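So the structure is just underneath, and the comments pick up after that.
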Amino acid sequence: HLIHPLVQHPLARLPGPKLYALTKWRLALDEYLGQRTTSIHKLHLAYGPVIRIGPDEVHFSSPSAVRTIYGAGSGFERTGFYGMFDVYGKPNLFTFRSGKAHAERKKLVAAAYSKSNILKIGGWAEGIVEEKVGAFLEFVEREGEGGRIEVFEGLHFFSLDVITTFLYGAQFGGTKSLRGKEEGDRALLGDILDPDRRRLSWFVVHFPGLVRWLYSREGTMGSLVQPLLPMKKPATYSGIRAHALKAMESYRKAREGEKAHLDTDVGRSSWSIIAKLWQYRATGSADTTAGLSDLDIASECADHLLAGIDTTSDSLMFLIWVLSLPENLHHQDALIAEVRLSLTPSDLTSDHQVVKPDAADKLPYLAAVVKETLRLYSALPASEPRSSPTEAVIDGYKIPVGTTVSCSPYSLHQNEAAFPEPLRWDPGRWLPTPSQQSPPQDGSDLKKDYYWPFSSGARMCVGVHLAMAEMTTMIASIYRKYETRAVAEGKGEDKKAAVKTPGFTSRFEVFCDETRLHEVGMEEHVCWIEFKPQQN
Ligand code: HEM
């Protein structure tokens, strides 16, 4: 029994440490300790781009493996791991295993998420992004303490307000958390901040039945099992899921009450994702094979809602933070110069406060800054597990049916050949020609091949263009108006206190700036920034 995984197993000749090959619990221990992604990366550094990390699990770190596993038409499917993201017991874009079911669902929303639709002048998404960026700038003015703002939370309010409005429309679930404390929408983010959510993810992956049982106990039994819960109730995202269900119900009531009058509030929200999905709603009988059930629609929207909050806000937080460190102020100055010199009044909203998304999309220095941030501080850095329904060959190794294979942005983005000094944040890597900033080192396309923040192929992030529009519009608008500095804390008594790296949670782990982690330390979910109006 012990010999088989190491000697006779078809994966036996793959590189990697024996203990990982012998039992899945070795990697599970890394996960429990919050070190899965960094441990796998260390194994890549020691053993090369292919490593066996479990009896039936292999990790790759090469562009060729990315193409084989994730390329369009590859046939690889998402593994059961993604089942934990089913909502209300219904699968959605993120969790469908089969390519066919996924493609059918994706067809319904793909056009709404296309770049041309997101950036369309006068369009639904453009209006939402502009309005919410404007609301964020007002939030900074209104709630800043001497210009200082804790941006981890503020940027979460922003991404929550954007995605809820995009999905449901302002009347049916669009939040207004940036507008004021009294709205109550801010409380929705409470369960995201609890670090115990990492422990819960670990138990959900390794003991799904037990977790379901523990969380479904009520009354006396519920009280008895409470000390055993990996995370106190409400568990992660339960507030968000309840909000998504309520939004669906209020939309349904409005549609059912609408009769034939399309020129109603509902009609005006007809560009929302829920409205797109509603067109395919099953009518009449309980037979949902002919269309989507209400819970299918609710699950799909809730999934986009969950996928669209932390990802965009964590990326924006790192972007502003890293640009505000003393060693990067020359990059901030270059960005400010680009924004001030290249934009004309027609690139701004009518109140001149916000840069239009379409204009923000065309700024090359800004594009380099965003790219470098998504490289070094990927919002989803961990591996993306897949399995093949047939035997496959990846990077020359035969992979039997049922093996879990994956790549991770974390390891790809730290490849030394593609990104010399990988832990250094340097937007100069992405500038097309040598300039006053540090020029690209090797002149090859390696960088492009190893850059993988949004995944690729059919299961690539559907929200990529929305996320990019949110980030570029926000950054261009901030740096048209302000200079920013990273500060240690809100009140500002100790101006010399060292600035720690912020950290964010993704699955079982906390990610941060590793250089600063070792030099100064890390503070999870906290990032203070001082906003100083620019002098003309
Ligand atoms: C910087 C921001 C973002 C990053 C870095 C990001 C990254 C990713 C990655 C890496 C995946 C693939 C995950 C996997 O296969 O394990 C993914 C999938 C997905 N993302 Fe994003 N994402 C971002 C923003 C958004 C936003 C704003 C939305 C809003 C709708 C969104 C919706 C989704 C959905 C629905 C999927 C599943 C797509 C499918 O399987 O067809 N993401 N994202």
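Counting starts at 1 for both ligands and their atoms, following the listed order. On a predicted model such as this, the values are computed, not experimentally measured, just so you know.
- Checking only distances, L93 does come within under 3.5 Å of ligand 1, N or O to N or O.
- A donor-acceptor pair is defined here as one N or O able to donate and one able to accept, closer than 3.5 Å; such a pair exists between the side chain of R459 and the backbone of L93.
- Under a 4.0 Å heavy-atom criterion, F96 is not in contact with ligand 1.
- In terms of protein heavy atoms, atom 4 (C) of ligand 1 is closest to F454 CE2, 3.4 Å.
- Regarding atom 32 (C) of ligand 1, its nearest protein heavy-atom neighbour is A307 CB, 3.4 Å.
- In R386, the part holding a heavy atom less than 4.0 Å from any atom of ligand 1 is the side chain.
- Looking at R78 against ligand 1, only its side chain comes within 4.0 Å, counting heavy atoms.
- A salt bridge links R424 to D426: at least one charged side-chain nitrogen sits closer than 4.0 Å to a carboxylate oxygen.
- Polar contact with ligand 1: absent for S315 (N/O pair, distance under 3.5 Å).
- Ring planes of H44 and H59: tilted class, angle from 30 to 60°.
- Looking at V162, L160, D161 one by one, the single match for side chain to side chain contact (heavy atoms under 4.5 Å, CB included) with F158 turns out to be V162.
- When non-hydrogen atoms are compared, ligand 1 lies under 4.0 Å from neither the backbone nor the side chain of N92.
- Nearest protein heavy-atom neighbour of atom 38 (C) of ligand 1: M460 O, 3.7 Å.
- Put simply, the side chain of T312 never gets that close to the backbone of S159: no donor and acceptor are under 3.5 Å apart.
- S378 places no side-chain N or O within 3.5 Å of a backbone atom of L380 that could act as its donor or acceptor partner.
- Of the protein's heavy atoms, G463 CA, 3.6 Å lies nearest to atom 28 (C) of ligand 1.
- In this structure a side-chain-to-backbone donor-acceptor pair under 3.5 Å is present from E150 to F152.
- The proximity of C461 to ligand 1, defined as any non-hydrogen pair under 4.0 Å, involves the side chain as well as the backbone.
- The aromatic rings of F207 and F203 lie tilted to each other, with the angle between the two planes from 30° to 60°.
- Among all non-hydrogen protein atoms, the one lying nearest atom 9 (C) of ligand 1 is L380 CD1, 3.6 Å.
- The nearest protein atom to atom 26 (C) of ligand 1, hydrogens excluded, is given as G308 CA, 3.6 Å; this is a heavy-atom distance.
- Short contacts between ligand 1 and H304, defined as distances under 4.0 Å to a heavy atom of the residue, involve ligand atoms 29 (C), 30 (C), 35 (C).
- Distance from atom 12 (C) of ligand 1 to its nearest protein heavy atom, with residue and atom name: S455 CB, 3.7 Å.
- Looking at V464 against ligand 1, nothing comes within 4.0 Å, counting heavy atoms.
- Using a 4.0 Å cut-off between charged side-chain N and carboxylate O, E57 and R36 make a salt bridge.
- Residues F166 and W271 place their aromatic rings such that the two centres sit no closer than 6.0 Å.
- Residue R459 places at least one N or O, backbone or side chain, under 3.5 Å from an N or O of ligand 1.
- Proximity to A467 (heavy-atom distance under 4.0 Å) selects the following atoms of ligand 1: 2 (C), 24 (C).
- Comparing Y70, Y113, F94 by heavy-atom distance to atom 13 (C) of ligand 1, the nearest is F94.
- Of all atoms in ligand 1, listed by their number and element, those nearer than 4.0 Å to a heavy atom of V462 are 34 (C), 35 (C).
- Within the listing of ligand 1, atoms 29 (C), 30 (C) sit less than 4.0 angstrom from a heavy atom of I163.
- In this structure, the side chain of S74 engages the main chain of I69 through a donor-acceptor pair within 3.5 Å.
- Between Y82 and ligand 1, at least one N/O pair is under 3.5 Å apart.
- Using a 30° and 60° split on the angle between ring planes, F318 and Y377 fall in the parallel class, below 30°.
- Within the listing of ligand 1, atoms 35 (C) sit less than 4.0 angstrom from a heavy atom of D303.
- Close approach of ligand 1 to P453 is summarised as follows: ligand atoms under 4.0 Å from at least one heavy atom of the residue are 5 (C), 7 (C), 10 (C).
- Residue contact check for ligand 1: M468 places no non-hydrogen atom closer than 4.0 Å to it.
- A donor-acceptor pair is defined here as one N or O able to donate and one able to accept, closer than 3.5 Å; no such pair exists between the side chain of R78 and the backbone of R97.
- Counting heavy atoms closer than 4.0 Å to ligand 1, residue T311 contributes atoms from both its backbone and its side chain.
- The backbone N or O of P422 lies less than 3.5 Å from no partner atom in the side chain of E416, so there is not a single donor-acceptor pair.
- At distances below 3.5 Å, at least one donor-acceptor pair connects side-chain atoms of S299 with backbone N or O atoms of K90.
- Atom 41 (O) of ligand 1 has its closest protein heavy atom at H102 NE2, 2.6 Å.
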Please assess H413 against Y451 for the test ring pair (Phe, Tyr, Trp, His ring centres under 6.0 Å), listing each intermediate value before the final yes or no.
-> CA-CA 6 Å; H413 289 179; Y451 181 68; 5.6 Å; yes
